[in-house]
Amino acid sequence: MATVADLAAPGMARKAAFDALDLYDIRGALSDEERMVQDSVARLVDEKVLPVIQKHFEEHTFPRELVPEIAALGLLGSSLSGYGCADMNAVSYGLICQELERGDSGIRSFVSVQSSLCMYPIHAYGSDAQKDRFLPRMATGELIGCFGLTEPHGGSDPGNMKTHAKRRGRDWVLNGAKMWITNAPIADLAIVWAKTEEGIRGFIVEKGMRGFAAPEIERKFSLRASSTGALYLEDVVVPEANVLPGSTIGLKAPLSCLTQARFGITWGVIGAAQACLSQLLDYTQSRILFGRPLAANQAIQIRLAQMARGITCAQLLSLQLARLKDAGRMQPAQVALAKWNNCRMAIDVARDARDMLGGSGISAEYVPIRHALNLESVITYEGTETIHQLTIGRELTGINAF
Ligand code: TGC
Ligand code: FAD
């Protein structure tokens, strides 16, 4: 037990009675298999991602060399069954996202898009031939996918998309543009959502199809270790065999993919916040100002405590969400609330951590500025904070205020 002297001695750090990043022992609530998944992804991040990520962020490059290692661990399409996929449960997928984003949001984004936005729709809505053709090679990382929903004139309202597909004989002809598409410049295939006479449908557009281009969007200040591009479609002829036959016509199918990816994001951003708090705990205990460690100030401790509170609440929210998902009871509005809450928590933690590092907080030597900049994208994509707030508002009131 701590003595009064221990407590009173300024600058003396007391040994923590519990893991500062897991105050409610989430780890203890995991199965052996889930813990194993977390540990193997954590090792990948510590050994392969963290040593290279800052350089990639500075140079605005995606660490493509990591794809085979990510695939070898079964992290691509990890919750899908068959076709070389690992068939893991929702908690495991969440833990994968959390550990990857502890490294960098760009790495988690790559896995989210490949798994939830590209492999998932092919698995859920594709023909047997499409599944056989694409999924096994996507699981090994040999083929990379992207998901084109957002358009230049406004992503929050995808129902108003301009990209359209017209039947020509047994083919379709696609015209339009998509904007802010993760993985687009490195993708072998794109799931493109386009308006048809019957309503919105999903098409598999392949690299090399005439009239299709996917240029890189340069000069981002956020997600610099992720490849983001536009998709341009000019009279692209897509065969009927590349239409997703099982998707309902309308927004429901693309929105169902977003639900999968948003679920992963709720876990991912916890990892980013943990990385910031972890570094900040070391920093504030070793930096001496006014004759005592920074961490010995009440104002600093309150801010650290607020971070721990935010992370803990987010962990509990995501764990329960995963349990609901595994039980087949997860609702889109529950995902909206967790995406909003956890992204807001993480960006607040990252920004506050940056501030508590003082001038060092703007240096590449420390992680909070990189996470804070990345989280500007994460809080925007997959539905902005406002979109998720309005989704909850609609759920509560029954009134659509979009
Ligand atoms: P609304 O009338 O609400 O819905 C149309 C139909 O879809 C159903 N639905 C959903 N189904 C599954 N999951 C969801 N989350 C769903 N939300 C709605 C709904 O029940 C309805 O079905 P039915 O049978 O009645 O037809 O449609 P709305 O036009 O009013 O729009 C609602 C709104 C604003 C919430 C939606 O448009 C929206 O979510 N907007 C935000 C768009 C967005 O998030 N874009 C993300 C693009 S992808 C991306 O950002 C990837 S980043 C990846 C990375 O790098 O990690
Ligand atoms: P807009 O929709 O124009 O919104 C602008 C502002 O208006 C926002 O603050 C929004 O909250 C607010 N707003 C909108 N509607 C209302 C309303 N009714 N009431 C009040 N406020 C409102 N998209 C893809 O399809 N695939 C991808 O892979 C992908 N990857 C991305 C990667 C990055 C790095 C980024 C930054 C974005 C990515 N996106 C992707 C796009 C992303 O989903 C959109 O940026 C997002 O949905 C918002 O759309 P927008 O940028 O057009 O903003």
Side-chain angles (χ1 to χ4, degrees), residues 60 62 97 100-101 104-118 120-121 124 144-161 163 177-187 190-194 199-200 202 214 216-217 219-231 247-269 325 330-340 343 373-395 399-402:
H60 209 321
F62 171 67
C97 291
L100 291 176
E101 198 148 355
D104 192 86
S105 303
I107 309 297
R108 196 269 309 137
S109 262
F110 169 78
V111 170
S112 289
V113 169
Q114 177 85 348
S115 302
S116 293
L117 295 184
C118 216
Y120 172 81
I144 292 176
C146 67
F147 176 91
L149 182 65
T150 303
E151 300 196 348
H153 58 273
S156 298
D157 182 15
N160 185 35
M161 68 174 61
T163 298
K178 301 286 177 179
M179 186 66 180
W180 298 115
I181 308 303
T182 300
N183 295 351
I186 57 169
I191 305 290
V192 172
W193 300 94
I200 292 167
E216 183 96 34
I217 296 176
R219 304 176 70 205
K220 293 181 304 190
F221 281 119
S222 174
L223 279 190
R224 289 175 59 84
S226 170
S227 176
T228 316
L231 301 179
S247 70
T248 48
I249 291 174
L251 266 187
K252 203 178 173 73
L255 292 181
S256 75
C257 305
L258 297 185
T259 293
Q260 307 301 314
R262 288 167 178 168
F263 165 79
I265 290 173
T266 74
W267 283 81
V269 294
K325 190 171 193 296
M330 185 179 81
Q331 297 299 319
Q334 294 166 330
V335 183
L337 191 139
K339 203 269 181 183
W340 160 27
C343 288
L373 290 170
N374 283 339
L375 289 162
E376 293 289 347
S377 286
V378 181
I379 204 169
T380 295
Y381 66 35
E382 298 275 3
T384 64
E385 185 171 61
T386 307
I387 288 299
H388 293 298
Q389 289 166 333
L390 295 178
T391 297
I392 302 303
R394 182 168 71 174
E395 200 66 22
I399 301 168
N400 187 348
F402 288 111

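Numbering of ligands and ligand atoms starts at 1, following listing order.
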Check: E151 N/O within less than 3.5 Å of ligand 2 N/O: no
Contact atoms of ligand 1, heavy-atom distance to S156 under 4.0 Å: 34 (C), 37 (O), 40 (N), 41 (C)
Ligand 1 contacted by G250 (non-hydrogen, < 4.0 Å): no
Atom 36 (C) of ligand 2: the protein heavy-atom neighbour that sits closest, reported with distance to 0.1 Å: S377 OG, 3.9 Å
Distance from atom 47 (C) of ligand 1 to nearest protein heavy atom, with residue and atom: T150 OG1, 3.6 Å
Where S156 and P158 come nearest, the two heavy atoms and their spacing: O-CD, 3.1 Å
Atom 29 (O) of ligand 1 [closest protein heavy-atom partner, distance rounded to 0.1 Å]: L251 CD1, 3.5 Å
Winner among R394, M330, E382 once heavy atoms are compared against atom 50 (O) of ligand 1: E382
Protein heavy-atom partner closest to atom 50 (P) of ligand 2 - residue, atom, separation in Å: G155 N, 3.5 Å
Test item, I181 contacting ligand 1 (heavy atom, 4.0 angstrom): no
G159 near ligand 1 by a heavy-atom separation under 4.0 Å: no
Identity and separation of the nearest protein heavy atom to atom 41 (C) of ligand 2: T150 OG1, 3.2 Å
Options V113, L258, I265, V111, ranked by nearest heavy atom to atom 45 (N) of ligand 1, top entry: L258
Ligand 2 versus L223: contacting region, heavy-atom distance under 4.0 Å: side chain
Protein contact of atom 13 (N) of ligand 1 - nearest heavy atom, named by residue and atom, plus distance: T259 OG1, 2.8 Å
Any N or O of V113 closer than 3.5 Å to N or O of ligand 2: no
Protein heavy atom at shortest distance from atom 19 (N) of ligand 2: L390 CD1, 3.8 Å
T384, portion touching ligand 2 at heavy-atom distance under 4.0 Å: side chain
Among P158, G154, S256, C257, closest by any non-hydrogen atom to atom 12 (C) of ligand 1: S256
Nearest protein heavy atom with distance in Å, relative to atom 9 (N) of ligand 1: L255 CD1, 3.7 Å
Check: S156 N/O within less than 3.5 Å of ligand 2 N/O: yes
F402 neighbourhood, listing ligand 2 atoms whose heavy-atom distance to it stays under 4.0 Å: 18 (N)
Per-atom contacts, ligand 1 versus T182 - under 4.0 Å to a heavy atom: 54 (C), 55 (O)
Atoms of ligand 2, numbered as shown, that sit under 4.0 Å from any heavy atom of T386: 11 (O), 20 (C), 21 (N)
Heteroatom proximity flag, T228 to ligand 2, N/O under 3.5 Å: no
Atom 45 (O) of ligand 2 [closest protein heavy-atom partner, distance rounded to 0.1 Å]: T380 CG2, 3.9 Å
Validation row: V269, K339 side chains within 4.5 angstrom (heavy atoms): no
Which segment of E382 sits under 4.0 Å of ligand 2 when only heavy atoms are counted: backbone
Nearest-contact summary for atom 3 (O) of ligand 2 - protein heavy atom, Å: G154 CA, 4.0 Å
Closest protein heavy atom to atom 21 (C) of ligand 1, given as residue, atom name and distance to 0.1 Å: K252 CG, 4.7 Å
Heavy-atom pair with the smallest gap, counting every atom of I181 and F147: CG2-O, 3.4 Å
